[in-house]
There are 6 protein chains.
Amino acid sequence: MSQHVIVRSNRRPDPDAVATLAQVGVATAHEAMGRRGLTHPVLRPIYPGARIAGRAVTVLSQPGDNLMIHACIEQCGPGDVLVVTTTSPSTDGMFGELFATQLVARGVRGLVIDAGVRDVAELTALGFPVWSRAVSAQGTVKASPGSVNVPVVAAGAVVRPGDVVVADDDGVMVVPRERAAEVAGKSLAREANEQSKRAQFQAGAVGLDVYGMRETLTRLGVAYVDEPDDASPVG
Amino acid sequence: MSQHVIVRSNRRPDPDAVATLAQVGVATAHEAMGRRGLTHPVLRPIYPGARIAGRAVTVLSQPGDNLMIHACIEQCGPGDVLVVTTTSPSTDGMFGELFATQLVARGVRGLVIDAGVRDVAELTALGFPVWSRAVSAQGTVKASPGSVNVPVVAAGAVVRPGDVVVADDDGVMVVPRERAAEVAGKSLAREANEQSKRAQFQAGAVGLDVYGMRETLTRLGVAYVDEPDDASPVG
Amino acid sequence: MSQHVIVRSNRRPDPDAVATLAQVGVATAHEAMGRRGLTHPVLRPIYPGARIAGRAVTVLSQPGDNLMIHACIEQCGPGDVLVVTTTSPSTDGMFGELFATQLVARGVRGLVIDAGVRDVAELTALGFPVWSRAVSAQGTVKASPGSVNVPVVAAGAVVRPGDVVVADDDGVMVVPRERAAEVAGKSLAREANEQSKRAQFQAGAVGLDVYGMRETLTRLGVAYVDEPDDASPVG
Amino acid sequence: MSQHVIVRSNRRPDPDAVATLAQVGVATAHEAMGRRGLTHPVLRPIYPGARIAGRAVTVLSQPGDNLMIHACIEQCGPGDVLVVTTTSPSTDGMFGELFATQLVARGVRGLVIDAGVRDVAELTALGFPVWSRAVSAQGTVKASPGSVNVPVVAAGAVVRPGDVVVADDDGVMVVPRERAAEVAGKSLAREANEQSKRAQFQAGAVGLDVYGMRETLTRLGVAYVDEPDDASPVG
Amino acid sequence: MSQHVIVRSNRRPDPDAVATLAQVGVATAHEAMGRRGLTHPVLRPIYPGARIAGRAVTVLSQPGDNLMIHACIEQCGPGDVLVVTTTSPSTDGMFGELFATQLVARGVRGLVIDAGVRDVAELTALGFPVWSRAVSAQGTVKASPGSVNVPVVAAGAVVRPGDVVVADDDGVMVVPRERAAEVAGKSLAREANEQSKRAQFQAGAVGLDVYGMRETLTRLGVAYVDEPDDASPVG
Amino acid sequence: MSQHVIVRSNRRPDPDAVATLAQVGVATAHEAMGRRGLTHPVLRPIYPGARIAGRAVTVLSQPGDNLMIHACIEQCGPGDVLVVTTTSPSTDGMFGELFATQLVARGVRGLVIDAGVRDVAELTALGFPVWSRAVSAQGTVKASPGSVNVPVVAAGAVVRPGDVVVADDDGVMVVPRERAAEVAGKSLAREANEQSKRAQFQAGAVGLDVYGMRETLTRLGVAYVDEPDDASPVG
């Protein structure tokens, strides 16, 4: 088999699960999945307020080269999220407005890139959300082979084609396709539970009581005291 | 004495001083205090435009564990600023919207956290300002003891319970409670002086004249020259 | 010659070229110049949406000291961009609102600083754009000599007085004065070309066809395959 | 299935391949595998001169907690390399001399840890090599569940139990078990080829001739010139 | 009181406690103190193998200025450790061989500096150990006031004059003077306990049994399984 | 003129000046040149103890591509130092033992590379010193054009072909060819002066007296005090 491949993948996560994950967002889905799947917080959105979920279409590129992003475009369709990684660390601006124009035309929901992005003013105007490691105008070549739709590691998280990528102002996470429905269900249950807590908290309750943690403090030996001397050592 | 304590503190800075510090902001207060008290610039606001000051209520937690934030909530009241630190470096999202809901209900003005925060879209919608080292959805456990209202080091600055925390788009600083009135007073004097300078600058004056620094340049041996050869070495 | 100099420079880039570069922005100008001239992406704007170009007026300062920024103000005029560097790494807030007031009065378009900036709320309100390495309230002294209008290195890019600085949401770049007209011309040609491509992409075309890169993929040995086994090794 | 598992694994790479990989080292094996499998260069050895290869035994821990390293020890045997990762970023010193003592008694060859290590003087005296993200004395608790011998991501590289970890002064890489023999074979071929090149280079030949790249330079439009004017723009 | 002071301090930690802390090192003392007092791991030794403890003599300097290190020298004596900090982040090489010569003549044991150091080859030859944030030849001025023997924050840890600084290959920690004897005593107890464990581990025992943690794993729901399918999701 | 050039340069610094600079090292030469010319401290030696100076031969490469290092080899000769930079940030291991073999055969003294290096065990055995931003086994391609012997920026410092590069355990600096003799002369004067100071310091004198800075402290308002209350605010 060739080392460099473009995989035509038909693996798709459950669309209802994807819709739910887009609604609940990263923090809730991450808790619902057992606190797994998060990328490193170095991936940040280029503008605030976006919240998306979609099928991962993956790219593995040589750093400083965006040929394989070109190769990937026609593998993307409505509801997908493009995930771009490089074979070694890079902040170059591999992606810009002309790529986004192609993806918007195909119904793609956004980009997660473990490298740099440029044309961020234009991408913001287009309403095309991007989560990236850097913003950089550094241009790239189109000369090196790579792969499309192979499993990749993006900012520390494994992404397989067909997995669900969830992204919002809190960051980016990956839900394995096989667990999408389960995680979506647990997310909704979690939200319902949080809603009841929220009402209690708005009325003045505190978590120590709502979650019953006063005994935990006692068991752990945490003592209540009053006003010690100011000169006590820090920490 | 137990190693882990929750201190019920009644130390409060002068409320008029706090109000003044909230009005003048970090840069002015920092100058008025002799250029001390600033945290490292790694602490950044989750949204622009907030400017607060308030009594510090402090937390020292195990990284990846937010039990002690729960324990701290009922120690907070109107006008306070919660300050959260960890015993070793962490970017985990220890604080989110349900905590903010409890704090808003108690009149707390904001959070300074030398770790991560999540639910930033929801916190922004709530208008609850946060200054943090990172944004991360990474969830945490509620299992380890720690302390509340002990002196801590937040991003390089010592914070004692009852000190004044000032925070705005320029960062976060700490004014020792004992110096709050002095620093507030000097801040107002500084602002008055700056206002007169501002008018001169708007009219076209330059600092070299307004501050009388032309002689300084001469004394330091800085020479005025015209158009040297382009090939002169850099710097 | 004195080691520390303030150079009165009359070198000015072509104003039409500057206007064009301000219109096309950093990513386009950087490509038009052969992918050179960019500063390191650590320089970021304090607020989104600004796009400027102008003549570079340069400062080389001791870190933690802004005397030479004062010395530089009267060397600046309409259409200029101030570029501030330090002799060793620093994040101190060397520049704030009173400096901006002086520069606005002189028609200066913005600041690029390889150090820190403060008063960012006030600078945003003034509409005075800044690209900096850090936001920090840390105040500085006015005690050490330095130079004005000598060649400097800002975040890895050489800037000579009279060069064109272009800055927008994508970062900061430097166009040597001698190449300003050439780069502006090539930028416009590039934009025209991109416009025709954009229309094709909006209609659904992909870059593989528009740029004729399908043969490149074949030549590089990239193979198309279907649905491999999930357990294939990552990357 | 439980979320947290300790997997008893019998997957073992080919021992001859492992021996070969330990002899050729990371740079050669990485080239032989098509320039894949490397961890991020943030993983560094605690002392120079070690070069090892061995079967990966993996740990996924809560940050700041080394319970699962304890749980992993008896899963390790002669020729293994322990690989420790955490569910979120941490530099805590999760591993020290008492762990190394246990592993040395079991014939384990070394440790790769995407977190911190301590007792480095003692580990150096023991001759137990470690590659880590940080050196830190920060102690940890033994309180949280995790997993042993599940696939993990260590500094950006996927490691499955039974894969081959290769580590030396150049860093750390992972060879999938299925490819170990192939990569070992290609590594030896590469070394043989390099040996013949080395002799030519020692005799004064240059790569441009030995690899036949002069035409490449011409084709790429690289021109030979003499002594241009010193004032030419940088880069 | 003047803002800038040189404090003549006679506070000295218990010499026997200091000797014990120098013998046990940072990792043990840090555990014995309840896992507190560590500086951030960014402070690293300039050469391996040193292990010291001594009375802290502290300096707070303007960044890029070593006047106050000069002012501090005569406040140092036999058995002391100099601790240098700056009022804002800096990597400048504030300390070099001529300073070390003065300190060696006075019997000072080493330097901890939250900034840069230079002349590291000469310092290594002298056998004068240094823990620093950076190695940098960047020279500094001698122009700005600061303080000697005031409490400071060094890489996140509070250091008061008279506290004990302990430093070795694992990093740097601070033991408050009042706790020196207690921490030294607990350190020795800890070492004795570790010695008995070490013998068991050398004989093949594992921590799960020695520390009795098998039930912990069961209670936490960690399950033992055999050879799951390779395609199971990571982590 | 072609954008990518290989310049055959005959510019050579004064050999006696180079010999002197190699003897005095970076810290002294940097002071003698007025505290200029240093690269960022991120460039570190791969092994301790080397101290070199030599004529700079420069390379500007595409990141992840070492074709132009090949092109540069035959431009290097006895006494040269190779300086490699990339057009955007990269840590890839562009240089290894086979390159060093070629350079050793030509009498080249060492390498400064603002990127990664590999084969560090072999380079250490060869005694070929390297200062780099990273150690990484990441292999590179040989496909992209670049330039040889053009002015470059290496870790923030401008290097022109023919300048003197000085490197030792303290880092790397650049002396413009035109100033080599002057800086060498001032370095020797500085060393002579330091030698007399060193003798005084070994005899117990302190810099406050030797440099006459006691009045400076008084003028700056630094006050001597005794034993203030421990509870005084930090810093």
Side-chain angles (χ1 to χ4, degrees), chain E residues 1-11 46-47 60 66-71 73-74 85 87 91-93 96-106 116-122 124 134-153 158-160 162, chain F residues 25-45 48-51 166-173 194 197-211 213-214 216-228 230-235:
Chain E
M1 190 181 92
S2 166
Q3 184 178 5
H4 303 295
V5 293
I6 297 171
V7 179
R8 297 186 199 94
S9 172
N10 289 312
R11 293 199 183 85
I46 59 169
Y47 59 81
L60 178 64
N66 64 13
L67 173 64
M68 297 313 295
I69 303 181
H70 282 288
I73 300 293
E74 65 190 358
T85 62
T87 51
T91 57
D92 290 356
E97 177 249 339
L98 288 183
F99 273 129
T101 300
Q102 297 172 62
L103 292 176
V104 166
R106 304 181 79 81
V117 64
R118 61 182 187 178
D119 298 337
V120 298
E122 290 77 7
T124 303
V135 172
S136 170
Q138 179 66 45
T140 53
V141 298
K142 302 175 198 334
S144 304
S147 292
V148 169
N149 272 337
V150 295
V152 295
V153 176
V158 170
V159 192
R160 301 168 311 158
Chain F
V26 174
T28 296
H30 164 72
E31 289 284 349
M33 203 168 94
R35 295 186 192 129
R36 298 290 164 76
L38 210 61
T39 60
H40 191 283
V42 74
L43 296 188
R44 296 299 301 145
R51 175 166 285 174
V166 191
D168 61 18
D169 289 348
D170 289 342
V172 178
M173 78 169 295
E194 286 193 348
K197 299 289 190 298
R198 188 175 293 113
Q200 294 177 268
F201 292 147
Q202 285 166 335
V206 297
L208 279 189
D209 296 316
V210 170
Y211 302 115
M213 293 185 294
R214 292 196 187 275
T216 306
L217 292 177
T218 304
R219 177 173 52 80
L220 292 170
V222 180
Y224 282 84
V225 300
D226 292 301
E227 297 278 345
D230 249 23
S232 61
V234 166

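Chain letters run A, B, ... following the sequence lines, proteins first and then strands; every chain starts at 1.
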(message) So for E31(F), is it side chain, backbone, both, or neither that comes closer than 4.5 Å to the heavy atoms of chain E?
(response) side chain

(message) Counting C-beta onward and ignoring hydrogens, is there a side-chain heavy-atom pair between V222(F) and M68(E) closer than 4.5 Å?
(response) yes

Sequence neighbours excluded and cut-off under 3.5 Å, please list the side-chain donor-acceptor pairs for residues 135-144 of chain E, or say none.
{"from": "S136(E)", "atom 1": "OG", "to": "Q138(E)", "atom 2": "N", "distance (Å)": "3.1"}
{"from": "T140(E)", "atom 1": "OG1", "to": "N66(E)", "atom 2": "ND2", "distance (Å)": "3.2"}
{"from": "K142(E)", "atom 1": "NZ", "to": "N66(E)", "atom 2": "OD1", "distance (Å)": "3.4"}
{"from": "S144(E)", "atom 1": "OG", "to": "D65(E)", "atom 2": "OD2", "distance (Å)": "3.0"}

(request) Find the one option among V120(E), T101(E), I73(E), L98(E) whose heavy-atom pairs under 4.5 Å with chain F are most numerous. (result) L98(E)

(request) Apply the side-chain contact (heavy atoms from CB on, under 4.5 Å) test between V225(F) and each candidate in I6(E), V7(E), V150(E), N149(E); give the one that qualifies. (result) V7(E)

(message) One pair to check against side-chain contact (heavy atoms from CB on, under 4.5 Å): L67(E) and M213(F). What are the steps and the verdict?
(response) CA-CA 8 Å; L67(E) 173 64; M213(F) 293 185 294; 3.7 Å; yes

(request) Give a yes or no on whether a salt bridge exists between R11(E) and E227(F), defined as a side-chain N under 4.0 angstrom from a carboxylate O. (result) yes

(message) Return the OG1 to CD distance between T28(F) and E97(E), rounded to the nearest 0.5 Å.
(response) 9.0 Å

(request) Sort R106(E) into side chain, backbone, both or neither according to what part of it lies under 4.5 angstrom from a heavy atom of chain F. (result) side chain

(message) Under a 4.5 Å cutoff for heavy-atom pairs, which residue among T216(F), V210(F), L217(F) has the most contacts with chain E?
(response) L217(F)

(message) Would you say that Q202(F) contacts Q102(E) through its side chain, given a criterion of any heavy-atom pair below 4.5 Å between the two side chains?
(response) no

(request) Look at E74(E) together with R214(F) and state whether they make a salt bridge at an N to O cut-off of under 4.0 Å. (result) yes

(request) Using a cut-off of under 4.5 Å on heavy-atom pairs, state which of N10(E), V148(E), T91(E), T87(E) scores highest against chain F. (result) N10(E)

(request) Name the member of D168(F), V172(F), L208(F) that forms the most heavy-atom pairs with chain E at distances under 4.5 Å. (result) L208(F)

(request) Using a cut-off of under 4.5 Å on heavy-atom pairs, state which of A105(E), G162(E), P145(E) scores highest against chain F. (result) P145(E)

(request) With sequence neighbours excluded, tell me which residues meet side chain to side chain donor-acceptor pair (under 3.5 Å) with D170(F). (result) none

(request) Please look at A203(F) and chain E and tell me whether the side chain, the backbone, both or neither of the residue comes under 4.5 angstrom of a heavy atom of that chain. (result) neither

